[in-house]
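Side chains are part of it too, since the values below use all heavy atoms of this structure and drop only hydrogens, waters and symmetry mates. Just so it is clear, the structure is predicted and the values come from calculations on it, not from any experiment.
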Amino acid sequence: MENKQVVFFPKTFLGMSDITVELLGFIKLMKNVRYYFVLPNYIKNTSTGCKVKKIGHFTRTDCQACLKRRVTNILCITEINGNLNASLLPGQLDNFVLVIYDPSRLYDYGTLFKYEGDSQKFICFIMLSNWLASTENVQKQYYLSEVVMFQKFTKYLLIILNMLINSLETKIVQLTILRLTLFKHILGVMKNYVWLIDNLIHNKHILSRAKSINYLMSCICDAVFGIIILYILNTTFTSSNELFSYISSISHQVIKVLQGTLQWLMGSPAGLKLNDPLNSLLGTCFLYLVNLWWSFLVLCRPFLELTFQVYVFIGIFGLSYQIAILEDVLAIVSFHVYCIYVYAAWLYNLQRKSLMILAKLFVGRSCNPQPGRTTPYTTQQLYVGTISFAILLFLLPTTLIYYIVFVVMRTIMVMARGILIRLRYMLQVLPVYTTLIWFVKPSSSAGIIKMNIVRNEKSSTVVLNTTIVADSWWATVKHYLPELVERPPSVSWITLTKRVCTGKILYPI
């Protein structure tokens with residue numbers, strides 16, 4: 001049995017000049033409360049599966065005609081001398097709450113911004129918002145799918161994009177060109193375009209469409225930034241060959257610095273006395289790797305020039321593409337550093353684990369062959385183990401010096417690439433549209449609804465005036481982020497420190 005009646009009444013009726021107006025809307029019963037959702041008079045039907053019907057009337061007189069009718073359960077709202085009364089015919093005035101709302105500010109509430117924990121608290125406003133947003137007038141204003149030519153164009157465009165995505169996701173392509181950051185970025189952008197077009201041409205709710213518009217504006221800003229960077233490069237360098245020569249000179253300087261560092265390590269770095277045979281062996285091997293990599297770059301220079309011109313052409317599409325190109329260039333230039341780091345880390349990790357295993361000799365017991373039993377070491381085992389432990393311990397400083405130098409270089413490269421990855425992500429989710437919405441239309445970024453009691457003298461009806469309170473800018477930005485854009489993983493500095501201390505390989509963060 002219902003003990004309360006709540007009426008959602010649009011504010012637009014209060015400013016009308018008509019004396020009597022029919023009320024159209026829906027009636028819902030939830031948890032012994034009967035809700036009357038009165039819709040604006042321009043709404044005739046919705047796509048929610050519920051038909052709009054007449055649920056009552058609104059008048060600015062005493063409504064004596066209503067009392068003479070025999071029809072019951074008809075909502076009657078009157079406004080006399082500024083006081084609002086709500087009742088069910090004939091003359092029931094108890095347990096009525098009248099909530100006044102603004103349709104122009106509420107139609108996208110709940111579909112644009114709702115929290116999982118708070119959605120049940122504002123379920124009535126969310127239901128009303130969904131009905132308002134699903135009207136034909138709102139759809140005609142926002143949906144681009146009403147244009148037939150646009151539908152045909154996007155249909156063929158989706159087919160082409162899906163074919164390209166399927167061709168790039170084959171195993172052969174994944175093992176070759178998709179190892180490069182640029183082509184991974186292109187594949188991700190294609191998937192984002194498919195998601196964008198799908199949201200624009202289909203009847204998606206307002207939140208998905210707002211995310212699509214925000215991503216589209218981010219792509220436009222990305223392209224504008226890319227054109228500006230290319231203009232600066234064109235004014236600095238006369239041609240792409242000159243830019244390639246500049247990058248080659250930087251690579252040559254990196255090679256010289258690395259060769260000088262290795263020669264410094266082969267001597268007495270910082271006055272340390274290292275093991276001469278191991279020091280000479282490591283320095284000679286690492287110098288050979290550096291010279292081999294530089295010879296390979298010189299030999300492949302014509303191919304690299306052609307590839308670089310193709311990369312520069314692709315960079316016209318946006319700054320994010322140029323950042324992906326920069327990541328590939330950084331990986332090629334520092335490849336020899338990565339190889340030396342892998343060898344140094346492997347050798348350090350091997351010595352560290354061996355020393356930890358041999359240190360068990362000083363405990364006086366060997367590994368348990370069976371649970372609950374111990375076997376003492378033999379004299380031969382103690383002799384060989386002690387000699388091996390001493391040799392590895394005295395060789396550790398030499399290995400550790402090389403590992404420290406190259407792990408610092410690797411850490412710098414990993415952090416630089418991590419910054420580039422996050423910068424590329426930020427360019428794809430620039431909150432341009434979100435910021436405009438937050439400034440121009442705060443109702444679209446609403447977090448809560450504030451209700452104030454309206455003074456209503458000589459009436460038993462409680463009148464509440466609703467006000468949509470906009471959420472913070474940062475909360476709105478996080479809510480508008482498109483899910484399909486791959487987000488960089490969070491960095492665990494504790495795990496990163498452990499990998500550095502234990503000699504495990506550092507991967508891009």
Side-chain angles (χ1 to χ4, degrees), residues 179-181 247-301 303-304 307 326-356 391-421 491 493 495-509:
R179 295 291 182 181
L180 298 173
T181 306
I247 295 176
S248 299
S249 64
I250 294 178
S251 303
H252 187 57
Q253 293 296 327
V254 172
I255 294 292
K256 286 186 175 181
V257 171
L258 190 57
Q259 289 175 344
T261 303
L262 289 173
Q263 291 174 358
W264 174 70
L265 290 175
M266 291 175 67
S268 298
L272 297 176
K273 183 63 176 178
L274 304 180
N275 185 273
D276 291 333
L278 181 61
N279 191 9
S280 177
L281 176 63
L282 293 178
T284 304
C285 291
F286 293 160
L287 278 174
Y288 175 75
L289 284 176
V290 172
N291 295 329
L292 183 63
W293 179 245
W294 178 247
S295 301
F296 172 76
L297 292 180
V298 173
L299 185 63
C300 298
R301 183 181 178 89
F303 175 74
L304 293 176
T307 305
L326 185 59
E327 290 181 45
D328 288 335
V329 172
L330 185 63
I332 293 173
V333 170
S334 62
F335 182 74
H336 51 289
V337 177
Y338 173 74
C339 293
I340 298 174
Y341 160 74
V342 170
Y343 290 132
W346 175 80
L347 186 59
Y348 166 72
N349 193 19
L350 178 64
Q351 285 186 315
R352 182 187 63 84
K353 288 183 177 179
S354 301
L355 287 172
M356 291 179 64
I391 293 173
L392 291 175
L393 182 62
F394 288 121
L395 292 179
L396 182 62
T398 304
T399 307
L400 187 60
I401 287 296
Y402 278 89
Y403 174 71
I404 291 175
V405 171
F406 286 99
V407 79
V408 169
M409 294 184 183
R410 176 61 181 173
T411 304
I412 294 174
M413 295 296 177
V414 166
M415 289 186 175
R417 191 171 180 184
I419 293 173
L420 293 177
I421 290 174
V491 180
W493 296 104
T495 304
L496 189 65
T497 305
K498 287 181 179 179
R499 297 187 73 88
V500 171
C501 295
T502 56
K504 296 182 180 179
I505 303 299
L506 293 179
Y507 296 103
I509 58 178

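Within the structure, ring pair (Phe, Tyr, Trp, His ring centres under 6.0 Å) contacts touching residues 250-284 (residues at least two apart or in different chains) are His252-Trp294. Among residue pairs with one or both ends in residues 326-343, those qualifying as salt bridge (charged side-chain N to carboxylate O under 4.0 Å, His left out) are Glu327-Arg417, Glu327-Arg424; sequence neighbours excluded.
Atoms CG and CG, from Leu347 and Leu400 in turn, are 11.0 Å apart once rounded to the nearest 0.5 Å. Note: Thr411 OG1 to Leu496 CG = 6.5 Å, rounded to the nearest 0.5 Å. Distance CG/Leu304 to OG/Ser251: 9.5 Å, rounded to 0.5 Å. One finds the OH atom of Tyr348 at 8.0 Å from the CD1 atom of Ile404 (value rounded to the nearest 0.5 Å).
For Ser280, the side-chain contact (heavy atoms from CB on, under 4.5 Å) test picks out Thr284, with sequence neighbours left out. In this structure, the ring pair (Phe, Tyr, Trp, His ring centres under 6.0 Å) partners of Tyr402, at least two apart in sequence or on a different chain, are Phe286. Applying the side-chain hydrogen bond (donor to acceptor under 3.5 Å, both in side chains) test to Gln263 and every residue at least two apart in sequence or in another chain returns nothing. Remark: Thr399 pairs with Gln351 by the side-chain hydrogen bond (donor to acceptor under 3.5 Å, both in side chains) rule, at least two apart or across chains. Every residue two or more places apart in sequence or in another chain that forms a side-chain contact (heavy atoms from CB on, under 4.5 Å) with Ile401 is listed here: Leu265, Pro269, Leu272, Leu274. With sequence neighbours excluded, no residue forms a side-chain hydrogen bond (donor to acceptor under 3.5 Å, both in side chains) with Asn275. By the side-chain contact (heavy atoms from CB on, under 4.5 Å) test, Leu350 pairs with Trp346, Ser354, sequence neighbours left out. With sequence neighbours excluded, the residues forming a side-chain contact (heavy atoms from CB on, under 4.5 Å) with Phe303 are Thr307, listed by chain and number. Listed by chain and number, the residues in a side-chain hydrogen bond (donor to acceptor under 3.5 Å, both in side chains) with Arg410 amount to none (sequence neighbours excluded). Here Arg301 pairs with Glu305 under the salt bridge (Lys or Arg N to Asp or Glu O under 4.0 Å) rule; sequence neighbours left out.
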Verify side chain to side chain contact (heavy atoms under 4.5 Å, CB included) between Leu506 and Met413, making sure each step is shown before the conclusion.
-> CA-CA 10 Å; Leu506 293 179; Met413 295 296 177; over 6 Å; no
Side chain to side chain contact (heavy atoms under 4.5 Å, CB included) between Thr261 and Val257, worked out | CA-CA 6 Å; Thr261 303; Val257 171; 4.3 Å; yes
Could you walk me through whether Val342 and Phe406 pass the side chain to side chain contact (heavy atoms under 4.5 Å, CB included) test, one step at a time?
-> CA-CA 9 Å; Val342 170; Phe406 286 99; over 6 Å; no
Kindly indicate, with the supporting measurements, whether the criterion side chain to side chain contact (heavy atoms under 4.5 Å, CB included) is fulfilled by Val333 and Ile250.
-> CA-CA 9 Å; Val333 170; Ile250 294 178; 5.9 Å; no
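Residue Met415 comes nearest to Trp493 through the heavy atom pair CE-CZ3, 3.6 Å, listed as atom of the first residue, atom of the second, then distance. In plain terms, the two heavy atoms of Ile505 and Ala345 that are nearest each other are CD1-CB, 4.2 Å. Across every non-hydrogen atom of Tyr403 and Arg499, the tightest pair is OH-O, 3.9 Å. Smallest separation of non-hydrogen atoms from Asn279 and Met266: ND2-O, 3.3 Å.
Using a distance-only test at 3.5 Å, with no hydrogens or angles considered, a donor-acceptor pair links the side chain of Asn291 to the main chain of Leu287.
Inter-residue side-chain proximity for Thr181 and Ile421 is flagged as unmet; no heavy-atom pair is nearer than 4.5 Å. The shortest distance between side-chain heavy atoms of Val337 and Trp293 does not fall below 4.5 Å. A 4.5 Å side-chain heavy-atom check between Met409 and Ile340 finds every atom pair outside the cut-off. Side-chain contact between Val414 and Tyr507 is absent, with no heavy atoms from C-beta onward closer than 4.5 Å. Taking the side chain as every heavy atom from C-beta outward, Ile255 and Leu297 never approach each other to under 4.5 Å.
For the side-chain contact (heavy atoms from CB on, under 4.5 Å) test with His336, the passing option among Val254, Leu289, Leu292 is Val254; the others fail.
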